[in-house]
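Everything below concerns the one structure shown next.
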Amino acid sequence: MSERAAPFFCPYCGDEDLRPSEAGHGAWECHGCRRAFQLKFLGLLSPANSGPTNGGSSDDQHDD
């Protein structure tokens, strides 16, 4: 089994100086901006949720 993927950059400042934190599983420390954050996989989206998010169809016709 392979190792879990690590973040490549800080989500706050974009710096690449990240180190695992002792705070727990998925916790990381950025030594660029001194922030700590945690990553968590929530799950996969269903195929029904992968479509457009604008709430309408491009086929809508409008009478002016």
Side-chain angles (χ1 to χ4, degrees):
M1 184 161 257
S2 64
E3 291 185 32
R4 295 187 184 264
F8 293 111
F9 57 88
C10 174
Y12 298 100
C13 71
D15 196 37
E16 297 177 359
D17 189 10
L18 300 178
R19 299 177 191 165
S21 175
E22 295 179 5
H25 181 72
W28 292 86
E29 298 173 352
C30 175
H31 287 255
C33 67
R34 309 293 298 161
R35 287 186 170 105
F37 58 94
Q38 188 169 18
L39 301 176
K40 181 178 179 182
F41 178 71
L42 298 177
L44 298 174
L45 298 176
S46 67
N49 292 340
S50 62
T53 58
N54 62 4
S57 169
S58 60
D59 296 337
D60 290 343
Q61 295 179 356
H62 299 283
D63 294 328
D64 291 330

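Values in this document were obtained by computation on a predicted structure and should not be read as measured data.
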Problem set entry | Pairs involving residues 15-25, ordered by first then second residue, that meet salt bridge (Lys or Arg N to Asp or Glu O under 4.0 Å) (sequence neighbours left out) | D17-R19
For this session: Mind jotting down which residue pairs meet the salt bridge (Lys or Arg N to Asp or Glu O under 4.0 Å) criterion with at least one end in residues 27-47? Sequence neighbours excluded, please.
Result: none
Remaining members of hydrophobic cluster (4.5 Å side-chain criterion), [X]:
X   : result
L18 : Y12, W28, F37, L39
F9  : F8
L42 : none
L44 : F41

